[in-house]
Amino acid sequence: MSVENIKIGMLGLGTVGRGVYRIITGNGENIKRKIGAGLEIKKILVRDLNRDRGVELDQQLLTGEINDIMEDPEIKIVIEVMGGIEPTLDFVQQALQNGKSVVTANKDMIAVYGKQLFELAEANRADLLFEASVAGGIPIIRPLKQCLAANRINQVIGIINGTTNYMLTKMTKEGSDFAEVLREAQDKGYAEANPASDIEGYDAARKLAILASIAFNSRVVLDDVYTEGITKITATDISYAGELNYTVKLLGIAKETEEGVEVRVHPTLIPVDHPLAAVNDVFNAIFVSGDAVGDTMFYGRGAGELPTASAVVSDAMDAARDLLRNVPGIISCTCYDEKPVKDMGLVESRYYIRIQVSDKPGVLASIAYAFSDKEVSLATVLQKQTDAVTAEIVLVTHKVREKNMQEALEIIKHLSSVKAISNVIRVEGD
Ligand SMILES: NC(=O)c1ccc[n+]([C@@H]2O[C@H](COP(=O)([O-])OP(=O)(O)OC[C@H]3O[C@@H](n4cnc5c(N)ncnc54)[C@H](OP(=O)(O)O)[C@@H]3O)[C@@H](O)[C@H]2O)c1
């Protein structure tokens with residue numbers, strides 16, 4: 001294909017769209033020299049044609065009519081930055097059916113409908129690129145698909161939600177409560193008015209499904225991911241974790257094991273000297289281990305206008321290169337295997353457990369007995385006095401299967417000396 005400029009249709013001109021517009025118009029000369037052709041935004045679909053967009057813009061670029069993009073044969077690349085599933089999925093399918101390459105930042109759509117979309121892209125010889133859908137500006141999809149392609153990836157462990165990382169960092173540094181930190185995150189615009197997607201772990205779960213699919217070359221969907229958010233984490237747990245030389249992070253953990261692919265998102269204690277322990281505030285990081293390369297870590301801003309747009313425009317440049325070489329849609333999907341997803345009951349982990357008990361002799365022995373009966377062995381025990389009649393026991397176990405742990409907790413919960421199991425948090429790293 002030989003053209004002066006490659007024409008782009010954009011769906012959406014919100015936070016990310018504005019960044020994409022700024023980069024394409026502001027870095028146009030560099031982009032042209034890097035790929036051998038210019039990128040030109042020909043049309044942008046929005047809902048409200050009259051809204052102030054915060055960028056200088058020819059109003060003629062805006063349209064409320066999707067067919068101005070879908071039916072324009074000059075538009076070869078569609079950048080989808082409108083988000084959501086409806087009507088976005090229809091628009092993306094339509095673009096691919098019309099042979100247009102698609103670049104998207106939409107984790108919700110890729111985590112659930114990735115398979116269909118990749119098949120459609122391949123059938124229509126179009127690219128479907130989605131670097132920005134996981135960890136915003138951090139390059140991770142392309143490194144996994146290309147730079148680390150020679151490896152068998154053993155595990156991917158990431159801090160992939162900036163809002164919760166900001167909240168846990170604040171709770172750790174200032175000893176503040178969850179509710180107080182959530183309010184602050186909302187005031188700063190880091191957390192949505194309805195924060196469930198972040199604090200319940202769903203956002204991280206979507207991203208982990210995408211990462212695991214690529215890392216292990218086998219389709220993992222959102223429903224496969226065991227998901228627990230950070231709503232039960234208290235300043236007390238964070239403080240005890242610190243005493244034990246751990247820090248608390250919301251991790252997405254994906255491992256390939258003999259019993260299948262393990263995919264889980266939950267709050268986790270990690271040793272303070274683990275590389276992920278130093279990832280604070282809204283930053284994201286993804287720790288990847290491969291059989292040849294060993295350990296690698298990718299770090300940066302997981303969201304925001306320009307960081308996310310950086311990934312989107314780089315994908316658009318790749319799609320443009322493929323068009324110029326006449327090879328779009330050659331390697332879209334890399335899920336060529338069908339590996340089972342491991343049952344959560346079979347997952348092995350260490351655990352931190354905080355229990356409120358009556359302060360009298362023999363209590364610890366009865367708890368230890370219940371654990372040993374289910375093959376849970378204890379590595380560390382701390383005892384704290386809370387008041388005259390209640391003590392708090394903090395335990396860290398050795399590795400044990402989730403199923404055994406749940407059975408032991410069920411017994412312990414009913415012991416007469418146990419007032420409450422206040423928290424159970426998994427522990428990662430040696
Ligand atoms: N924001 C981030 O930091 C970030 C990071 C990583 C990934 N992402 C992903 O990037 C995507 C975009 O996020 P964003 O934060 O830029 O969203 P946003 O600020 O809400 O912008 C959405 C844009 O899409 C347009 N739009 C929405 N529904 C539409 C419809 N039915 N018809 C026509 N136009 C429609 C809106 O038009 P109007 O302006 O006229 O309302 C708006 O311009 C999402 O998939 C998100 O998950 C965002």
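Numbering of ligands and ligand atoms starts at 1, following listing order.
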Can you spot which of Ile210, Leu211, Val312, Thr104 makes a side-chain contact (heavy atoms from CB on, under 4.5 Å) with Ser133?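 The side-chain contact (heavy atoms from CB on, under 4.5 Å) with Ser133 is passed solely by Ile210 among Ile210, Leu211, Val312, Thr104.
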Given a heavy-atom cut-off of 4.0 Å, could you list the residues near ligand 1 in chain and number order?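 Lining ligand 1: Gly12, Leu13, Gly14, Thr15, Val16, Leu45, Val46, Arg47, Asp48, Arg51, Arg53, Val81, Met82, Gly83, Pro87, Ala105, Asn106, Lys107, Ala132, Ala303, Gly304, Thr308.
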Suppose we call two aromatic rings close when their centres sit under 6.0 Å apart. Are Tyr352 and Tyr246 close by that rule?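 Centroid separation for Tyr352 and Tyr246: 6.0 Å or greater.
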Between the side chains of [Y] and [X], is the shortest nitrogen-to-carboxylate-oxygen separation below 4.0 Å, so that they form an ion pair?
X	Y	value
Lys403	Asp343	no
Glu428	Lys255	yes
Glu259	Arg401	yes

To the nearest 0.5 Å, tell me how far Asp68 CG sits from Leu62 CG.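 Separation between the atoms: 11.0 Å.
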